[in-house]
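Just so it is clear, the model here is predicted, and its values are computed rather than measured. Nothing fancy with the numbering, it's 1 onward along the sequence.
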Amino acid sequence: MKQTVSPTLSIQWHLTTNCNNKCKHCYMFDEDTYDEERNKELSTVEIIDIIDDIESFEDKWGANINSFFMTGGDPLLRKDWELIFEELKKKGKNIYVMGNPESLTEDNLKKLSDLEVKSFQMSLDGLEETHDYYRNNGSFKRTVRAIDKLREHDIKPSIMFTLTPENKNELIPLMNFVAKETNVLGFAFDILSSVGNAQGIEKQFNALELKEIFTSYLEEKRRLHKEGYKLFFGEKSNFFKLIRFEEDNYYPYAPEELTAVSGCYIGLTCFTIISDGSVLACRRFPEKVGQMPKESFEDILLGSETLRKFRRPDFYEECGACDFFKVCRGCPAVTYGLTGDAFSKNPLCFRDSLSKKNTLDLKPKKSIKLDTTYEEEFDLIANHFNNIFKEKYSDFMNDEKILMLIGKFLNDIDEKQSYMKDPDKYITNCSFNLNELQKTFINYYLLRSKQGKVRNVKRYFL
C-alpha cells in the first residue's frame with residue numbers, strides 16, 4: 001500500500017543498560033528500573049527478529065527506516081554488538097552510535113570503520129572539572145583523545161552537551177574549547193530532562209533565563225564562524241526557532257493540511273527501543289507505548305493511543321493552540337520531567353515573551369479524531385513536510401521563482417529579513433503565484449541552510 005509520499009523514520013535503540021559511567025545527571029539511568037532492564041535484555045535472536053519486523057513494516061507500508069542510532073548505556077559493551085551492526089549494514093541501514101570513549105579501543109574502532117558507522121557521538125557536559133564530576137575522573141581527557149581516534153578511522157565525531165542549571169555558565173567556554181582545541185565536526189546541546197538520575201538536580205531554569213542562554217549561544221556561534229572556525233554548531237532545541245523568528249531570520253509557515261513541518265520528533269519521525277524490548281514514546285522520558293518483539297512495530301507505531309495523541313494538537317494543554325505548534329511542539333520530555341505530564345504546559349517556553357507577533361494565523365484549526373484506521377494514522381505520519389521536502393526536492397528546485405527567491409535571500413540578509421517579516425506580503429509584492437507547499441519549502445530550506453543541513457548550499461551563519 002504505497003503512499004504518495006514515503007515517510008522517512010529513524011530508530012533510537014538502547015542495546016544495553018551497561019555503561020562505564022553512572023552519570024550523576026543521566027536521564028536514562030533510574031535505580032528503580034535499571035536492574036530489571038539489565039536482567040531482561042533481549043537476546044541476539046530477538047533483536048534480529050525485531051530488525052526483520054521493522055523491515056517487513058517498510059515493505060508493507062512503503063516507509064523508509066534507514067537510520068539507526070545505537071546507544072545504551074554503551075552499545076559497545078554488549079558482546080554481540082558487532083553481529084547486530086552487521087545485520088543492519090546487510091540490510092542497507094545507516095548506523096550512528098552514541099557511546100563513551102572508554103570503549104573505543106583500536107579493535108573496536110577498526111570494526112566500526114569496517115561497518116561504515118556514520119558518526120560517533122560523545123558527551124562533554126562542561127569543562128574538565130565539571131564534566132569529570134558528572135561522569136568520572138579522566139573522562140574529559142579520554143573524550144577529547146577519542147575525537148582524533150575517530151577521525152583517523154574516518155568516523156565523524158560529534159559532541160553533545162546536556163544543559164543544566166548547574167553547568168549553564170560553561171556552555172560558551174566549551175563551545176570555544178571544542179572549536180579551537182579539538183577536531184570534532186559537530187557540537188550541539190539540549191535541555192536536561194529531569195528523569196532518572198537527573199531528578200536529583202534541584203535547581204531549575206526559568207523561561208527568560210533560558211532565552212538569554214539560547215541567544216548567547218547563537219551570538220557565539222556567529223562570532224566563531226566569522227573568525228573562520230568551521231565546526232557545525234547544531235540548534236537542537238526547537239526554542240531556537242523562537243529567537244530566529246524574533247530576529248527576522250525565520251517564519252513558522254505551516255499549511256493547515258500538514259501534520260507537521262518540523263519540530264519535535266515524538267510520534268512522527270523517531271522511535272525508541274530499549275534493552276528489554278520496551279518501546280518508548282521518546283528516549284528522554286519513560287513513557288512506554290509497546291513491547292517488542294511480543295508486539296509488532298506496525299501495531300505499536302500505528303495503534304498506540306499515546307503515540308496517536310502526540311500527533312494531535314488537541315491533547316497538548318497549551319502547545320496545541322500555539323502558532324508554532326507545527327514547527328515546534330516544544331519538548332514533551334522536558335515538560336514531563338518538570339510537571340509529570342508530557343502534554344501539560346511547558347514551563348520553559350518563552351513564546352509569549354517575544355515582542356514580535358505572526359502576521360498569519362498559524363494555529364491548528366481542526367481536530368483529528370483519535371479513532372482512526374491504521375491507513376489514516378499512517379497518512380498522518382507521512383503528511384510531515386520533511387517527507388515532502390525529500391521526495392519533491394528536485395521539483396521545488398527546478399522552479400525558477402523559488403530558485404530566484406532562495407538565491408536572493410542567501411546573498412542578501414536584508415532581503416531575507418524583509419521576507420521573514422511577512423512572507424505572503426513579500427511574495428505578493430513580487431507578483432509571484434506560489435502555493436502553500438512552495439512557500440513552506442522556501443522557509444524550510446532557508447532554516448536548514450542556516451543550520452548547515454542542506455547539501456550543496458553555501459552556509460551562512462549570520
Side-chain angles (χ1 to χ4, degrees), residues 1-13 50-70 87-96 116 118 253-273 279 281-282 289-290 292 295-304 307-308 310-312 326-327 329 368 372-399 402 435-445 447-449 453-457:
M1 51 184 71
K2 176 74 174 174
Q3 304 294 309
T4 303
V5 177
S6 299
T8 298
L9 316 174
S10 62
I11 302 292
Q12 293 179 334
W13 203 326
I50 290 175
I51 294 173
D52 289 340
D53 180 62
I54 290 172
E55 186 177 49
S56 295
F57 175 86
E58 291 180 274
D59 293 340
K60 177 179 179 179
W61 291 91
N64 300 309
I65 307 177
N66 295 326
S67 298
F68 283 71
F69 297 83
M70 314 306 285
E87 184 69 16
L88 291 171
K89 180 186 176 184
K90 183 175 70 176
K91 293 181 180 297
K93 307 304 183 185
N94 296 318
I95 305 171
Y96 306 82
E116 300 178 5
K118 301 297 182 183
Y253 210 96
E256 184 177 351
E257 66 270 19
L258 295 182
T259 307
V261 173
S262 58
C264 179
Y265 300 146
I266 195 165
L268 290 170
T269 61
C270 190
F271 307 90
T272 298
I273 305 169
V279 180
C282 168
V289 297
M292 297 185 78
E295 297 175 82
S296 70
F297 184 75
E298 176 185 70
D299 286 338
I300 296 171
L301 175 63
L302 302 179
S304 164
L307 292 180
R308 288 180 173 220
F310 277 118
R311 297 175 193 130
R312 292 157 169 80
K326 291 189 178 183
V327 301
R329 295 180 301 287
I368 306 171
T372 58
T373 65
Y374 277 12
E375 287 77 10
E376 291 170 322
E377 205 63 27
F378 184 79
D379 285 342
L380 280 179
I381 296 171
N383 203 29
H384 188 295
F385 190 74
N386 186 55
N387 303 318
I388 298 172
F389 179 84
K390 290 178 179 178
E391 293 211 6
K392 300 185 179 298
Y393 180 85
S394 296
D395 293 339
F396 286 127
M397 291 302 284
N398 284 327
D399 188 296
I402 292 176
N435 63 37
E436 300 290 285
L437 287 179
Q438 290 172 317
K439 295 173 189 175
T440 304
F441 175 83
I442 292 172
N443 288 33
Y444 192 77
Y445 184 98
L447 178 67
R448 290 173 67 87
S449 65
K453 294 180 180 178
V454 179
R455 294 180 181 178
N456 302 321
V457 65

Practice item. Look at the aromatic rings of Phe441 and Tyr445 and report parallel, tilted or perpendicular, splitting at 30° and 60°. Key: tilted
Check your understanding: Is the backbone N or O of Asp379 less than 3.5 Å from a side-chain atom of Asn383, with the two atoms forming a donor-acceptor pair by type?
Key -> no
**Study point:** side chain to side chain contact (heavy atoms under 4.5 Å, CB included) evaluation trace for Ile402 with Ile442
**Key:** CA-CA 7 Å; Ile402 292 176; Ile442 292 172; 4.1 Å; yes
Revision key, fill the gap. Residue set satisfying side-chain contact (heavy atoms from CB on, under 4.5 Å) with Glu376, at least two apart, ordered chain then number -> Lys369, Thr372, Thr373
Review point. Is a donor on one side and an acceptor on the other found under 3.5 Å between the side chain of Arg329 and the backbone of Ser262?
Key: yes
Exercise for review: Taking the side chain as every heavy atom from C-beta outward, state whether Ile368 and Arg311 have any atom pair closer than 4.5 Å.
Suggested key: no
Check your understanding: Do Ile388 and Leu258 come within less than 4.5 Å of each other through their side chains, counting heavy atoms only?
Key -> yes
**Study point:** Plane angle bin for Trp61 and Phe378 - parallel if under 30°, tilted between 30 and 60°, otherwise perpendicular
**Key:** tilted
Point to revise | Contact check, side chains of Asn386 and Leu268, non-hydrogen atoms, under 4.5 Å | key: no
**Study point:** All side-chain contact (heavy atoms from CB on, under 4.5 Å) counterparts of Asn66, not counting sequence neighbours
**Key:** Glu58, Asn64, Lys93, Asn94
Review point. Mind checking whether Ser10 and Phe69 have side chains closer than 4.5 Å, heavy atoms only?
Key: yes
Exercise for review: Return the minimal non-hydrogen interatomic distance between Glu257 and Glu436, and the atom names on each side.
Suggested key: OE2-CB, 4.4 Å
Exercise for review: Give the intermediate values and the outcome of side chain to side chain contact (heavy atoms under 4.5 Å, CB included) for residues Trp13 and Ile51.
Suggested key: CA-CA 11 Å; Trp13 203 326; Ile51 294 173; 3.8 Å; yes
Practice item. Please lay out, stage by stage, how Val261 and Tyr444 fare under the test side chain to side chain contact (heavy atoms under 4.5 Å, CB included). Key: CA-CA 8 Å; Val261 173; Tyr444 192 77; 3.8 Å; yes
Point to revise | Shortest non-hydrogen separation from Gly267 to Leu307 and the atoms involved | key: CA-CD2, 4.1 Å
Review point. Would you call Leu301 and Leu9 a side-chain contact if the rule is heavy atoms closer than 4.5 Å?
Key: yes
Practice item. Test side chain to side chain contact (heavy atoms under 4.5 Å, CB included) on Tyr374 and Asp299 and set out the steps. Key: CA-CA 9 Å; Tyr374 277 12; Asp299 286 338; 2.9 Å; yes
Point to revise | From Leu302 atom CG to Ile381 atom CD1, the distance as rounded to the nearest 0.5 Å | key: 5.5 Å
Exercise for review: Say whether, by atom type as modelled, one donor and one acceptor occur between the side chain of Glu377 and the main chain of Arg308 under 3.5 angstrom.
Suggested key: no
Exercise for review: Kindly give the heavy-atom pair with the smallest separation between Ala382 and Asn387, and that separation in Å.
Suggested key: O-ND2, 3.1 Å
Point to revise | From CG (Asn443) to OH (Tyr253), nearest 0.5 Å | key: 8.0 Å
Review point. How far apart are the closest heavy atoms of Ala254 and Lys326, and which atoms are they?
Key: CB-CB, 3.7 Å
Check your understanding: From Glu295 CD over to Ser304 OG, what is the distance, rounded to the nearest 0.5 angstrom?
Key -> 9.0 Å
Review point. Once you round to the nearest 0.5 Å, how far does CZ of Phe310 lie from SG of Cys264?
Key: 7.5 Å
Check your understanding: Hey, does Ile65 have a side-chain heavy atom less than 4.5 Å from the side chain of Phe271?
Key -> no
Practice item. Heavy atoms only: give me the nearest Leu380-Arg312 pair and the separation to one decimal. Key: CD1-NH2, 3.6 Å
Check your understanding: Are any non-hydrogen side-chain atoms of His384 and Pro7 less than 4.5 angstrom apart?
Key -> no
Review point. Once you round to the nearest 0.5 Å, how far does CD1 of Ile95 lie from CE of Met70?
Key: 7.0 Å
Point to revise | Spatial distance of atom NZ (Lys392) from atom CG (Asn398) [nearest 0.5 Å] | key: 13.0 Å
Review point. Of all heavy-atom pairs between Glu391 and Ser6, which one has the smallest distance, and what is that distance?
Key: OE2-N, 2.7 Å
Review point. Under a 4.5 Å cut-off applied to non-hydrogen side-chain atoms, are Phe68 and Ile54 in contact?
Key: yes
